2 protein chains.
Amino acid sequence: MKSTKSKPCEAWQLLVKFFFTQRADLPTLASEFELSPAQCHVLHLIEPDRPIPMGRLAEALACDASNVTGLIDRLESRGLVRRRPSADDRRVKSLELTPAGVRLRSTVLERITKPPDSLGRLSADEQRALVKILKRLLD
Amino acid sequence: MKSTKSKPCEAWQLLVKFFFTQRADLPTLASEFELSPAQCHVLHLIEPDRPIPMGRLAEALACDASNVTGLIDRLESRGLVRRRPSADDRRVKSLELTPAGVRLRSTVLERITKPPDSLGRLSADEQRALVKILKRLLD
DNA sequence: CATCAATAGTTGACAATATCAACTATATGC
DNA sequence: GCATATAGTTGATATTGTCAACTATTGATG
């Protein structure tokens, strides 16, 4: 059965499996900072010194504008994010991180971007090969 | 900046990026079948002809038993899943797929396990290398 | 056998997330 | 100036998830 499975199928399933093995604890990690996974995602998308309009955030999150209102309400109430009116268009609210938000973002991202130990245990050749392949996949 | 990033870090970030590129549409895919991502996950975990107790499902989902009650209630109300009392322990409810659940599961998994086109565009060597590396990562 | 502690699943309260519809203020096009 | 489109908000609703409390059942112990 497994011998007849195509390589792309096999690779994809292994990749999915690996990813979920590593990601199973994202909610736990997020809750360390009293954040939900979605809130971590939002903090990631709002870059320091790069305000983003609410609508752009909704696009990036691929969700409804009203949902973003709630997400931002809660982060704003925690002093992590600020709404700012846009100078160009009075309908638009721009979102920026507060200094506290910048600090928390940095801490959270440091944790989230930490590679799994298993990646460090690959040989240098394997690591290089993996990076090369992944770059090609993203082209 | 990028030149000083460790290979494991680089690989992890590329991998995460690739994964989310492919997975951004899981909610959309699930909604084609009028399922939520969580419900898809449940259907995946309940294998045909392999009843699983509620508690085992909660473990596999890494969530609270009461949450599983709700998830199964809704799938049961759609005729996709059945609760069955266990012969060994009267506290235990075993979950099995209905014939309709089996069919839907098969359809959904076929879609979910379909590898991205980009994987098929790698060379045979690259695919083999990727599979080999992923297997090592999962050891 | 009786008692007590542990367990499986359910109920209920609550918060967060997400969709959809309707709304108001604002911008754009004619 | 008017009609249409747009940004964000409000509100209703469903789903998911945690936590606490509960009932029925099981297992361990004396």
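Below, read A as the first sequence line, B as the second, and so on, with proteins coming before strands; counting in each chain starts at 1. Quick caveat: nothing in here was measured; it's all calculated off a predicted structure.
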Length of the [atom1]-[atom2] vector between [X] and [N], whole Å:
| X | N | atom1 | atom2 | result |
| --- | --- | --- | --- | --- |
| B/L61 | D/dT18 | CG | C1' | 14 Å |
| A/I72 | D/dA7 | CD1 | C1' | 14 Å |
| B/R90 | D/dT26 | CZ | C1' | 10 Å |

Once each nucleotide of nucleotides 3-13 of chain C is scored for protein heavy atoms under 4.0 Å, what B/S/- sequence comes out, 5' to 3'?
-> ---BBSSBBB-
Pairs meeting criterion salt bridge (charged side-chain N to carboxylate O under 4.0 Å, His left out) with involvement of residues 88-103 of chain B, two or more places apart |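 Every pair satisfying salt bridge (charged side-chain N to carboxylate O under 4.0 Å, His left out) with a residue in residues 88-103 of chain B: B/R82-B/E96, B/R84-B/E96, B/D89-B/R91.
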Is a donor on one side and an acceptor on the other found under 3.5 Å between the side chain of A/T98 and the backbone of A/G79?
->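 It does hold such a pair.
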Under 3.5 Å, side chain of A/R78 to main-chain N/O of A/E34, donor-acceptor pair present?
->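 Yes: the side chain of A/R78 pairs with the backbone of A/E34.
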Proximity to DNA chain C (any heavy atom under 4.0 Å), residues of residues 34-42 of chain A only =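 Under 4.0 Å from DNA chain C: A/S36, A/A38, A/Q39.
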Sequence-distant partners of B/D73, side-chain hydrogen bond (donor to acceptor under 3.5 Å, both in side chains), two or more places apart |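 B/D73 satisfies side-chain hydrogen bond (donor to acceptor under 3.5 Å, both in side chains) with B/R83 once adjacent residues are dropped.
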Using atom types as modelled, flag every donor-acceptor pair under 3.5 Å from a side chain in residues 38-50 of chain B to any protein atom, sequence neighbours excluded.
{"unit_1": "B/Q39", "atom_1": "OE1", "unit_2": "B/S36", "atom_2": "N", "d": "3.0"}

Decide if atom CZ of A/R56 counts as having more than 12 heavy atoms of other residues, nucleotides or ligands within a radius under 6.0 Å.
->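 Count not over threshold, so no.
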Let me check something: any side-chain donor-acceptor pairs from residues 108-125 of chain A under 3.5 Å, sequence neighbours excluded? List them with distances.
{"unit_1": "A/R111", "atom_1": "NH1", "unit_2": "A/E32", "atom_2": "OE1", "d": "2.9"}
{"unit_1": "A/R111", "atom_1": "NH2", "unit_2": "A/E32", "atom_2": "OE2", "d": "3.2"}
{"unit_1": "A/T113", "atom_1": "OG1", "unit_2": "A/L109", "atom_2": "O", "d": "2.6"}
{"unit_1": "A/S123", "atom_1": "OG", "unit_2": "A/E126", "atom_2": "N", "d": "3.1"}
{"unit_1": "A/S123", "atom_1": "OG", "unit_2": "A/E126", "atom_2": "OE1", "d": "3.3"}
{"unit_1": "A/D125", "atom_1": "OD1", "unit_2": "A/R128", "atom_2": "NH2", "d": "2.5"}

How are the rings of B/F19 and A/F19 set to each other: parallel, tilted or perpendicular (split at 30° and 60°)?
->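 Parallel.
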